[in-house]
J.: 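Have a look at this one before I ask anything.
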Amino acid sequence: MVEAVKGVRDILPDEIRAWHFVEERARDTFERYGFREIRTPIFESTELFARGIGEGTDIVAKEMYTFPDRKGRSLTLRPENTAPVARAYIEHQMHRRSEVERLYYLGPMFRYERPQKGRMRQFYQIGVEVLGSDHPAIDAETLEMLVAFLGRLGIAPVQLVLNSVGDPECRPAYKEILRRYLLPRRESLCEDCRRRLDTNPLRCFDCKVPADRDVMAQAPAILDHLCDACRGHFERVREHLDAFGIAYTIDRRLVRGLDYYRRTAFEVTAPGLGAQNALLGGGRYDGLIEELGGPAVPGFGFAVGEDRLVMSLPATAAIPDDAPEVFVVGLGEAGVSAALQAARRLRGSGHRTLVEPLPGKSLKAQLRRANDLRARFVLILGEEEIQRGVMTLKRMSDGSQATVRLDELDRRLGEMARA
RNA sequence: GUGAGUGUAGCUCAGGUGGUAGAGCCCCGGGUUGUGGCCCCGGUUGUCGUGGGUUCGAGUCCCAUCACUCACCCCA
């Protein structure tokens, strides 16, 4: 038997309801804030990610699904969507249409990693990007929207962790300070961190080796070495968040794995996700558009892991029911024909109606089926009803039933639903 | 890429020291020749992940292999 390949999975109808719930709340929330959806291809030129995310990042170095197409061009299944959105923004000259563009997206991403709880090779992200303003109000308002979104899913309160990672003005100098702190301690660091020391010492903050964590706890933090502009930006973001009454913690060790982040960086973690507890992450990326050959347009955004979001939904989440309103039973072939007609009429007036052509099944079996489907009503069309030109409408909650004609079906259904 | 754990019915799992497989749920039928849920009765479902080895005999022991899960790494 051919099975799904490693790291991908099917989302079956029982589970998809939660996904629709999340996606509908996302669209509704984001659109309230003026965001509009953008859909980009799920594969792009490999070069886009190499340049956008950064050659040295783990994503680019070892986690991309890269393959040649039939003409030998190197393509990559998108591992994230900020670079593709930036590419589309540039390609369509969107900065000429409006100064600030607010975009959201949702869809599958792909990373070649060993699967584990909360981490699939094909996973889904819901994200937003604000292009065109570096005002701290953008950071704060987008974070406020994020908190509102999670709140509307019933995932609250969340732990919002914030930091500033500086910009090209202050980060190089800070990196040097950090390096000078770490070099004398090099021998006590783990193998990974010694390598990071040469490539990107900031990533040592991510290390989970206890001894290294102790070393890093004493390390100079970039927060104390921001340039005036970055410090001012960070302070203004915090002021706005405080004005919103949004709780957050500052984590001086928070660094992000993508090269393009500047100034504001944040993430939200959630319990119950196992070791992969990051629910979402994001930040400011003021240099990315320019890096990709576009105008000097600043950006801010975040991406939520939809799989992890669904896992984090509380049992009380208001996920809409998918049960049919009316289950139509036709007994015998004549009954099935009549059932089809009745069902068509019900659907025409907006009722979720299911009719299954099982003329040989006993009424008992069909009622059991209706009960399993949690149908609110059953409409029965058997020999008796067809002879008399009527049908039997049964309310499943209490078993009460009435004899109705086709032309009054709608009205009687409404009455019984209210009673 | 590294490590650990687990693979028995559609699902969740039992199967001391080797003697050719079970339960619950689900599904189907009946108890009511046209009335669901609860209850009762009956029934269907297995290359015991795969390949090899030891043995008179392997779900059980050994080796290999594959898959899945969790963790490391990293991230959503």
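Since the model is a prediction, treat every value here as computed from it, not as a measurement. All chains are named by letter (A, B, ...) in the order of the sequence lines, taking the proteins before the strands, and each is independently numbered beginning at 1.
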J.: Please give the distance between the P atoms of B:G36 and B:G29 as a whole number of Å.
T.: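 Rounded to whole Å, the distance is 13 Å.
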
J.: Reckon A:R374 has a side-chain N or O less than 4.0 Å from the OP1 or OP2 of B:G37?
T.: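 Looking at the OP1 and OP2 atoms of B:G37, neither is under 4.0 Å from any side-chain N or O of A:R374.
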
J.: Taking only side-chain nitrogens and oxygens of A:K364, does any of them come within less than 4.0 Å of OP1 or OP2 of B:U33?
T.: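 So the side chain of A:K364 is outside the cut-off, no N or O lying under 4.0 Å from OP1 or OP2 of B:U33.
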
J.: How long is the line joining OH of A:Y261 and P of B:A76, in whole Å?
T.: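 Roughly 6 Å, once rounded to whole Å.
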
J.: Over all strands shown, is A:E384 touching base, sugar-phosphate only, or nothing at heavy-atom distances under 4.0 angstrom?
T.: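 Answer is base: heavy atoms of A:E384 come under 4.0 Å of a base.
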
J.: Can you check the A:N277 CG to B:A71 P distance for me, whole Å?
T.: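 A:N277 atom CG is separated from B:A71 atom P by 10 Å.
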
J.: Between A:Y104 and A:F35, does the ring centre distance come in under 6.0 Å?
T.: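 For A:Y104 and A:F35, the ring centres are not under 6.0 Å apart.
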
J.: Quick one: label A:A370 by what it contacts on the DNA or RNA (base, sugar-phosphate, nothing), any heavy atom closer than 4.0 Å.
T.: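 No contact at all - A:A370 keeps every heavy atom at 4.0 Å or more from the nucleic acid.
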
J.: Between B:A71 and B:A21, how far apart are the two C1' atoms, rounded to whole Å?
T.: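 It comes out at 34 Å once rounded to the nearest Å.
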
J.: Taking A:K361 first and then A:E356, would you say they form a salt bridge - that is, a charged N and a carboxylate O separated by under 4.0 Å?
T.: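 No, A:K361 and A:E356 are not salt-bridged.
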
J.: Compare the minimum distances between each of B:U35, B:A71, B:C73 and the side chain of A:K394, then state the nucleotide with the smallest one.
T.: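 The nucleotide sitting nearest to the side chain is B:U35.
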
J.: Considering only the C1' atoms, how many Å lie between B:G59 and B:U6, rounded to the nearest integer?
T.: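 Their C1' atoms lie roughly 15 Å apart.
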
J.: Find which nucleotide of RNA chain B each of A:S362 and A:L367 is nearest to by heavy atoms, and output the residue with the more 5' nucleotide.
T.: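 Nearer the 5' end of the strand: A:S362.
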
J.: Does any N or O donor sit under 3.5 Å from an N or O acceptor when you compare the side chain of A:R308 with the base of B:C75?
T.: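 Per atom types, the contact qualifies.
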
J.: How would you label the contact of A:I380 with the nucleic acid (heavy atoms, under 4.0 Å): base, sugar-phosphate, or nothing?
T.: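 Base, at least one base atom sits under 4.0 Å.
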
J.: Give me the distance, rounded to whole Å, that separates B:G10 from B:U50 when you measure between the P atoms they each carry.
T.: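 It comes out at 13 Å once rounded to the nearest Å.
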
J.: Aromatic ring centroids of A:Y285 and A:F300 under 6.0 Å?
T.: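 Distance test on ring centres: not under 6.0 Å, no.
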
J.: Whole angstrom is fine here: how far is it from CG in A:L373 over to C1' in B:G37?
T.: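 Taking atom C1' of B:G37 as the reference, CG of A:L373 is at 14 Å.
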
J.: Between A:E44 and A:R87 (salt bridge meaning N to carboxylate O under 4.0 Å), is one present in this structure?
T.: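 Salt bridge between A:E44 and A:R87, a charged N being under 4.0 Å from a carboxylate O: yes.
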
J.: For the side chain to side chain contact (heavy atoms under 4.5 Å, CB included) test, which of A:L223, A:T264, A:T249 pairs with A:N163?
T.: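 Passing option: A:L223.
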
J.: Nearest whole angstrom, please: distance from the C1' of B:C75 to the CD of A:E267.
T.: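 Computing the A:E267:CD to B:C75:C1' distance gives 9 Å.
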
J.: With a non-hydrogen cut-off below 4.0 angstrom, is A:R369 in contact with a base, only sugar-phosphate, or nothing?
T.: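 Result for A:R369 = nothing.
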
J.: Looking for any heavy atom pair under 4.0 Å, which part of the strands does A:E385 touch: base, sugar-phosphate only, or nothing?
T.: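 Base, at least one base heavy atom under 4.0 Å.
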
J.: Look at the side-chain N and O atoms of A:K6 and state whether any lies under 4.0 Å from the OP1 or OP2 oxygen of B:C68.
T.: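 For B:C68, OP1/OP2 do have a side-chain N/O of A:K6 under 4.0 Å.
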
J.: Are A:R9 and A:E15 within salt-bridge range, i.e. N to O under 4.0 Å?
T.: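 Salt bridge: yes.
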
J.: Among B:A76, B:U2, B:G29, find the nucleotide with the atom closest to the side chain of A:R114.
T.: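 Taking heavy atoms from C-beta onward, the closest nucleotide is B:U2.
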
J.: Take atom CG of A:D398 and atom C1' of B:U35, then tell me their distance rounded to the nearest Å.
T.: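 The distance from CG of A:D398 to C1' of B:U35 comes to 14 Å, rounded to the nearest Å.
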
J.: Can you tell me which nucleotide in B:A76, B:U69, B:G37 comes closest to the side chain of A:Q125?
T.: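 For the A:Q125 side chain, the nearest candidate turns out to be B:A76.
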
J.: In terms of the angle between their ring planes, are A:F110 and A:Y65 parallel, tilted or perpendicular, with boundaries placed at 30° and 60°?
T.: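 Plane angle over 60°, so perpendicular.
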
J.: Tell me whether the OP1 or OP2 atom of B:C70 has a side-chain N or O from A:K117 closer than 4.0 Å.
T.: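 No, A:K117 has no side-chain N/O under 4.0 Å of OP1/OP2 on B:C70.
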
J.: I'd like the C1' distance from B:U55 over to B:G3, given in whole Å.
T.: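 34 Å, rounded to whole Å.
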
J.: Looking at every strand, decide which applies to A:G382 at a 4.0 Å heavy-atom threshold: base, sugar-phosphate, or nothing.
T.: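 If one applies the 4.0 Å heavy-atom cut-off, A:G382 turns out to touch a base.
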
J.: Determine whether more than 12 heavy atoms belonging to other residues, nucleotides or ligands lie under 6.0 Å from atom CZ of A:R411.
T.: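 Counting other residues, nucleotides and ligands, CZ of A:R411 exceeds 12 neighbours.
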
J.: Go nucleotide by nucleotide along RNA chain B from the 5' end; which of A:N371 and A:D58 gets its closest nucleotide reached first?
T.: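 Result: A:N371.
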
J.: Between the side chains of A:R25 and A:D28, is the shortest nitrogen-to-carboxylate-oxygen separation below 4.0 Å, so that they form an ion pair?
T.: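 Result for this pair is no, no salt bridge flagged.
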
J.: Expressed as a whole number of Å, how far does the C1' atom of B:C68 sit from that of B:G49?
T.: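 My reading of the C1' atoms in B:C68 and B:G49 gives 10 Å.
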
J.: Can you figure out which of B:C75, B:U35, B:G29 approaches the side chain of A:R111 most closely?
T.: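 Among the listed nucleotides, the one closest to the side chain of A:R111 is B:C75.
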
J.: Under 4.0 Å, counting only non-hydrogen atoms across every strand here, what does A:E306 touch: a base, just sugar-phosphate, or nothing?
T.: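 Contact class for A:E306: none.
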
J.: With a 4.0 Å cut-off on heavy atoms, is A:G127 in touch with a base, just the backbone sugar-phosphate, or nothing at all?
T.: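 No contact at all - A:G127 keeps every heavy atom at 4.0 Å or more from the nucleic acid.
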
J.: From the options B:G34, B:G29, B:U2, select the nucleotide whose nearest atom is closest to the side chain of A:A365.
T.: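 Comparing B:G34, B:G29, B:U2 against the side chain of A:A365, the answer is B:G29.
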
J.: Among B:G29, B:G34, B:C75, which nucleotide sits nearest the side chain of A:Q276?
T.: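 Within the option list, the nearest is B:C75.
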
J.: Is A:Q116 close enough to B:A71 that one of its side-chain N or O atoms is under 4.0 Å from OP1 or OP2 there?
T.: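 Indeed, a polar side-chain atom of A:Q116 lies that close.
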
J.: In this structure, which stretches of RNA chain B are paired as stems of three or more consecutive Watson-Crick or G-U pairs, both distances less than 3.5 Å?
T.: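 RNA chain B stems, ordered by first number: B:1-7 with B:66-72, B:10-13 with B:22-25, B:27-31 with B:39-43, B:49-53 with B:61-65.
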
J.: For the side chain of A:D372, starting at C-beta, report the closest nucleotide among B:C73, B:C27, B:G29.
T.: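 For the A:D372 side chain, the nearest candidate turns out to be B:C27.
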
J.: What's the gap between B:C72 and B:U12 when it is taken at their P atoms, as a whole Å value?
T.: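 Those two atoms are separated by 25 Å.
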
J.: Rounding to the closest angstrom, what is the interatomic distance between B:C27 and B:U44 at atom C1'?
T.: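 Taking atom C1' in both B:C27 and B:U44, they lie 8 Å apart.
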
J.: For the residue pair A:R121 and A:Y112, would you count it as a cation-pi contact if the rule is NZ or CZ under 6.0 angstrom from the ring centre and within 45 degrees of the ring axis?
T.: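 Satisfied, under 6.0 Å and within 45°.
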
J.: Under a 4.0 Å threshold between the charged nitrogen and the carboxylate oxygen, would A:R412 count as salt-bridged to A:E408?
T.: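 The answer is yes: the pair qualifies as a salt bridge.
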
J.: Respond yes when some side-chain nitrogen or oxygen of A:Q401 is under 4.0 Å from OP1 or OP2 of B:U35, and no when none is.
T.: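 So the side chain of A:Q401 is outside the cut-off, no N or O lying under 4.0 Å from OP1 or OP2 of B:U35.
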
J.: Could you work out which one of B:G29, B:U35, B:G34 sits closest to the side chain of A:L331?
T.: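 The closest nucleotide is B:G34.
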
J.: Within the structure shown, what part of the strands sits under 4.0 Å from A:E383 by heavy-atom distance: base, sugar-phosphate, or nothing?
T.: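 Result for A:E383 = base.
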
